[in-house]
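Some notes on the structure that comes next.
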Protein chains: 2
Amino acid sequence: MTSAHPPADLRQRFIDDYLLYLMARASHVVSDEFHEQLRRRRISVPVWRVLASLVGSPGETVTGLAEVCLLQQPTMTKLLDRMVRDGLVKRTQDSRDRRVVRVGLTPRGDAVVEELIALARRHEAEVLARHPEAEALAIKNLLRAILRRHAKPRRSATNGG
Amino acid sequence: MTSAHPPADLRQRFIDDYLLYLMARASHVVSDEFHEQLRRRRISVPVWRVLASLVGSPGETVTGLAEVCLLQQPTMTKLLDRMVRDGLVKRTQDSRDRRVVRVGLTPRGDAVVEELIALARRHEAEVLARHPEAEALAIKNLLRAILRRHAKPRRSATNGG
DNA sequence: GTGATGAAATTGCCTTTTCATGTAACCTGT
DNA sequence: ACAGGTTACATGAAAAGGCAATTTCATCAC
């Protein structure tokens with residue numbers, strides 16, 4: 001055996017030393033501050049994610065958006081239905097592959113996301129200021145390294161592959 | 001203006017440099033590996049979270065569990081309904097404050113979580129081995145520091161406060 | 001061309017979550 | 001004791017999500 005655990009009443013909870021929990025919780029508590037601002041504007045988190053994903057990368061596909069937004073593909077289809085209904089995005093058929101749907105921002109969606117991104121940048125700066133030991137580059141590079149190692153080859157947004 | 005952005009086709013997506021997205025995504029991709037193991041056992045993520053939360057900390061309250069598991073309180077009530085139905089946890093009234101419900105593992109719940117924790121520990125070790133630059137202590141301490149700064153005063157599980 | 005295989009998006013059914021509210025219990029000041 | 005405020009949990013209607021098909025299209029082998 002590698003170790004004996006201290007008695008239950010002295011041991012902290014399992015989750016308090018569990019990496020996956022720490023990651024989920026840190027992400028949650030920090031994000032919740034921003035999500036509060038979204039709530040005030042009646043914008044849901046998935047909607048924000050879609051808008052933000054489209055900013056530097058117009059013409060994403062449904063599957064691509066689902067992957068980026070951490071959602072299932074059918075969920076994304078239904079989310080896009082609502083966003084189209086609300087005039088935030090538009091669907092267009094891909095010319096080369098007619099199965100593919102390309103998603104783009106409407107002028108209204110663009111205006112909305114513009115404002116939200118400004119908020120997001122401001123909030124991010126606050127968070128980083130509040131956590132000096134998590135210097136921007138350090139923590140971001142760490143997270144990016146983790147993501148890179150998990151990256152599956154993914155076709156780009158702007159060509160159908 | 002603070003800066004001019006490079007043209008859209010050279011600029012990476014907003015989210016690729018956005019801390020909250022990097023945190024959410026890193027948490028998601030890493031956790032998904034473990035969640036896959038849960039899926040094979042027909043155990044949902046929220047159920048796993050409740051079980052894991054109760055391990056070093058029996059007698060949590062409904063509200064306390066909701067907070068720890070990153071869920072809303074009504075969601076937790078209904079989740080506990082199902083978990084009671086499935087024989088994983090039991091509810092008991094607090095003797096001092098009759099509004100309070102204390103939640104504990106049943107023998108079956110205990111057996112289930114025991115096995116899952118073994119899986120979780122193994123998986124966590126793999127993740128840390130795969131990301132040497134994110135040494136266990138370093139990243140965990142960073143995340144804990146973030147969490148500590150967000151901590152709201154919270155009553156302990158084992159006394160009503 | 002025909003048929004098989006696989007990918008992209010949608011649909012439908014059912015479960016889960018959310019939001020707002022309801023109900024019971026505790027607490028404080030008078 | 002009891003009003004007024006607050007906290008803990010539960011409930012109910014409506015929205016969102018998950019999973020398993022289904023549909024449409026592209027591609028590859030023959």
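All chains are named by letter (A, B, ...) in the order of the sequence lines, taking the proteins before the strands, and each is independently numbered beginning at 1.
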**Request:** Starting at CZ of A:Arg85, measure out to CZ of A:Arg82 and round the result to the nearest 0.5 Å.
**Result:** 7.5 Å

**Request:** Report the distance from atom CG of A:Asp94 to atom C1' of C:dA7, rounded to the nearest whole Å.
**Result:** 13 Å

**Asked** Tell me: CG of B:Asp32 to P of D:dG18, nearest whole Å?
**Response** 11 Å

**Request:** For B:Glu67 and D:dC9, give me the distance from atom CD to atom P, rounded to whole Å.
**Result:** 13 Å

**Asked** Just how far, in rounded Å, is P of C:dT16 from CZ of B:Arg39?
**Response** 15 Å

**Asked** Between atom OH of A:Tyr21 and atom CG of B:Leu70, what is the distance when rounded to the nearest 0.5 Å?
**Response** 5.0 Å

**Item:** Nearest-angstrom distance from the residue atom CD1 of A:Ile43 to C1' of C:dT18
**Value:** 18 Å

**Message:** Using heavy-atom distances to pick each residue's nearest nucleotide on DNA chain D, tell me which of A:Pro46 and B:Arg42 is more 5'.
**Reply:** A:Pro46

**B:Asp17 and A:Arg144, any side-chain heavy atoms less than 4.5 Å apart** = yes

**Message:** Distance criterion of 3.5 Å, no angle test: do you see the side chain of B:Gln73 paired donor-to-acceptor with the base of D:dA10?
**Reply:** yes

**Complete:** Ordered by number, residues from residues 74-90 of chain B within less than 4.0 Å of DNA chain D (heavy atoms) are B:Pro74, B:Thr77, B:Lys78

**Prompt:** Do A:Thr77 and A:Gln73 meet the criterion of a side-chain donor-acceptor pair at a distance under 3.5 Å?
**Reply:** no

**Request:** Rounded to the nearest 0.5 Å, what's the gap from OG1 on A:Thr61 to CG on A:Asp94? Could you check?
**Result:** 9.5 Å

**Prompt:** Using a cut-off of less than 4.0 Å, is there contact between a side-chain N or O of A:Arg102 and OP1 or OP2 of C:dA8?
**Reply:** no

**Request:** Would you kindly give the CG-to-C1' distance between A:Leu70 and D:dG18, to the nearest whole Å?
**Result:** 16 Å

Identify the pairs formed between an N or O of the protein and an N or O of nucleotides 22-25 of chain D at a distance under 3.5 Å, and give each distance.
from: D:dC25; atom 1: O2; to: A:Arg99; atom 2: NH1; distance (Å): 3.4

**Request:** Could you tell me the separation between the CD atom of B:Gln72 and the C1' atom of D:dG12, rounded to a whole number of Å?
**Result:** 16 Å

**Prompt:** For the helix from C:dG1-D:dC30 to C:dT30-D:dA1, what is the angle between the axes at its two ends, each from 5 pairs, rounded to 10°?
**Reply:** 30°

**Request:** First locate atom CG of A:Leu38, then atom CZ of A:Arg49, and finally report the distance between them rounded to the nearest 0.5 Å.
**Result:** 10.0 Å

**Asked** Are A:His150 and B:His131 close enough that their ring centres sit under 6.0 Å apart?
**Response** yes

